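Here the structure is a predicted model, which is why all the values come from computation and not from measurement.
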Amino acid sequence: MLAATSSATAQSYIGGGSGVPENTAGYKKWMMFSEAVTERSGGALEITPIISGALGSEENILSSLRRGRVQVAIISSMVVASVVPEATLLQTPYLFNSQEEADFILDTVLFDQYTELLEDKGLVLLSWDEVGFHQVYGTEPLLTPGDMAGVRFRVSSSPAARLFAGAIGADTISLPFSDLIMGLQTSLVTAGENAIILYAQTGVAELAPHLMMTNHSFAVNFFIADARWLNRLSAEHQNVVRTAWPPMDVGRAMTRAEWQADLARADVLGFRVHDLTEEQRQMWRDAVEPARQNLIGISGPKASDILEAVRRGQSEFKARQSVE
């Protein structure tokens, strides 16, 4: 979270970081944002971070944002989907074929699509904040969907997570992330899926030390602002807020450097990385195809239009790659 005051303009506002712990890429981005806002506004806007979940869950933060109690926040697509159902589409397994393709489509296709959808809800999309590809983890190696039968698989409240687990034949157990460690310790769950930065150094890796590089869902957060508040600022200060978050290439590099460092230290952190063969990866793709189709069906009235735009973006990306 961020608490911010503007002594020069007698304004005050709060922004949210949704539980970002210190010494992580996410924390560093908030510090960069805070410093940039203060510097570029000549001290008229001053931000003090309040992080590590001090203002509660993402659902609470989003509710506060919409009520005008919080003015800027980073919210996962899973929670944004509660007000913009089409955000569920971003969680579709194998929506993107690579990081580079995801970058291109998010920036050139999806940013405008979701800007429009969020505007209808009184919210302004300022930037993406990358989390990274989700991977499957477990107490034992789970290299193909065939290994998942009867596995007690932790899922979040996201429909995408439940559909994914069901498609691979796992025993689906809904559990908040805050209860995951206890769930693993008691064997309530023995597997799950998440991005590396939420696996390697959160205690999960120690209890479920096998990480399968399925690269199935690309997680990205929304950095959003309350439109009513933002529009009350001067044009100059609006521009400061809109541009102070680290540029996408910088933010992505920070996140990727963090999870790549985690993988490089897997032995030290106590987990084993399982790289999949192309044949194994195709098994995962084939297994979750029903989940993909079901997700599209529940992702809001404009989901089909967005998916078609994604496909056009993929074709354009492929054409660019062939030229390069």
Side-chain angles (χ1 to χ4, degrees), residues 1-2 4 13-20 24-41 45 47 49 51 58 61-62 65-66 70-81 83-84 86-87 89-91 95-96 99-133 195 197 218-231 233 235-259 306 309-310 313:
M1 280 302 186
L2 300 178
Y13 61 93
I14 293 175
S18 67
V20 179
T24 63
Y27 174 85
K28 293 172 184 175
K29 291 178 204 176
W30 276 118
M31 297 305 101
M32 292 168 68
F33 174 68
S34 173
E35 293 169 4
V37 165
T38 300
E39 179 181 346
R40 295 178 190 179
S41 68
L45 299 175
I47 298 177
I51 59 172
E58 284 190 297
I61 295 169
L62 181 58
L65 187 71
R66 302 193 73 201
V70 170
Q71 281 68 47
V72 292
I74 283 187
I75 307 291
S76 68
S77 59
M78 178 181 74
V79 174
V80 170
V83 293
V84 176
E86 288 82 357
L89 190 68
L90 292 177
Q91 304 161 49
L95 180 64
F96 304 118
Q99 286 183 152
E100 294 76 18
E101 182 187 89
D103 295 347
F104 178 79
I105 293 173
L106 285 165
D107 294 349
T108 66
V109 177
L110 294 179
F111 191 88
D112 289 344
Q113 297 272 351
Y114 285 100
T115 291
E116 183 178 339
L117 290 168
L118 285 163
E119 282 178 350
D120 292 341
K121 304 298 182 180
L123 301 169
V124 178
L125 178 58
L126 300 175
S127 182
W128 302 116
D129 181 48
E130 181 176 311
V131 180
F133 274 110
I197 61 174
F218 192 77
V220 63
N221 294 332
F222 290 69
F223 182 42
I224 50 182
D226 173 20
R228 294 166 299 181
W229 164 77
L230 188 64
N231 292 335
L233 296 180
E236 178 185 0
H237 286 169
Q238 285 186 44
N239 185 60
V240 167
V241 174
R242 286 179 178 274
T243 61
W245 189 256
M248 281 308 312
D249 58 341
V250 174
R252 284 172 174 143
M254 293 172 67
T255 297
R256 292 171 190 179
E258 181 173 303
W259 65 254
I306 293 174
V310 168

- Message: Using a 3.5 Å distance criterion without hydrogens, assess whether the side chain of Glu130 forms a donor-acceptor pair with backbone atoms of Thr255.
- Response: no

- Item | Residue pairs passing the side chain to side chain donor-acceptor pair (under 3.5 Å) test where at least one lies in residues 103-118, sequence neighbours excluded | Asp103-Arg252, Asp103-Arg256, Asp107-Arg252

- Please check if the distance between the ring centroids of Phe223 and Trp128 is under 6.0 Å. no

- Task: State, with a plain yes or no, whether a side-chain heavy atom of Val80 is found less than 4.5 Å away from one of Leu118.
- Result: yes

- Give the C-alpha distance, both sets of side-chain angles, the deciding distance and a yes or no for side-chain contact (heavy atoms from CB on, under 4.5 Å) between Val220 and Phe96. CA-CA 12 Å; Val220 63; Phe96 304 118; over 6 Å; no

- Contacts of Glu35 that satisfy side chain to side chain contact (heavy atoms under 4.5 Å, CB included) - sequence neighbours left out: none

- Message: Using side-chain contact (heavy atoms from CB on, under 4.5 Å), reason through Leu62 and Ile224 one step at a time and then give a plain yes or no.
- Response: CA-CA 10 Å; Leu62 181 58; Ile224 50 182; 4.3 Å; yes

- Is the count of non-hydrogen atoms from other residues, nucleotides or ligands lying under 6.0 Å from Glu100 atom CD greater than 12? yes

- Rounded to the nearest 0.5 angstrom, the CG-CD1 distance for Leu123 and Ile75 is 9.5 Å

- Heavy-atom side-chain contact between Val79 and Ile61 under 4.5 Å: no

- Query: With sequence neighbours excluded, what pairs up with Glu101 under the side chain to side chain donor-acceptor pair (under 3.5 Å) test?
  - Reply: Asn97, Gln314

- Output for pair (Asp129 CG, Ile74 CD1), nearest 0.5 Å, gives 4.0 Å

- Message: With a 4.5 Å cut-off on side-chain heavy atoms, are Leu95 and Phe218 touching?
- Response: no

- Which pairs, with at least one residue in residues 239-250 and sequence neighbours excluded, count as a side chain to side chain donor-acceptor pair (under 3.5 Å)? Arg40-Thr243

- Between the CG atom in Leu65 and the CD atom in Glu58, the distance rounded to the nearest 0.5 Å is 12.0 Å

- Taking it one step at a time, do Val240 and Leu233 satisfy side-chain contact (heavy atoms from CB on, under 4.5 Å)? CA-CA 10 Å; Val240 167; Leu233 296 180; over 6 Å; no

- Query: What pairs with Ala227 under side chain to side chain contact (heavy atoms under 4.5 Å, CB included), at least two apart in sequence or on another chain?
  - Reply: Val124, Asn231

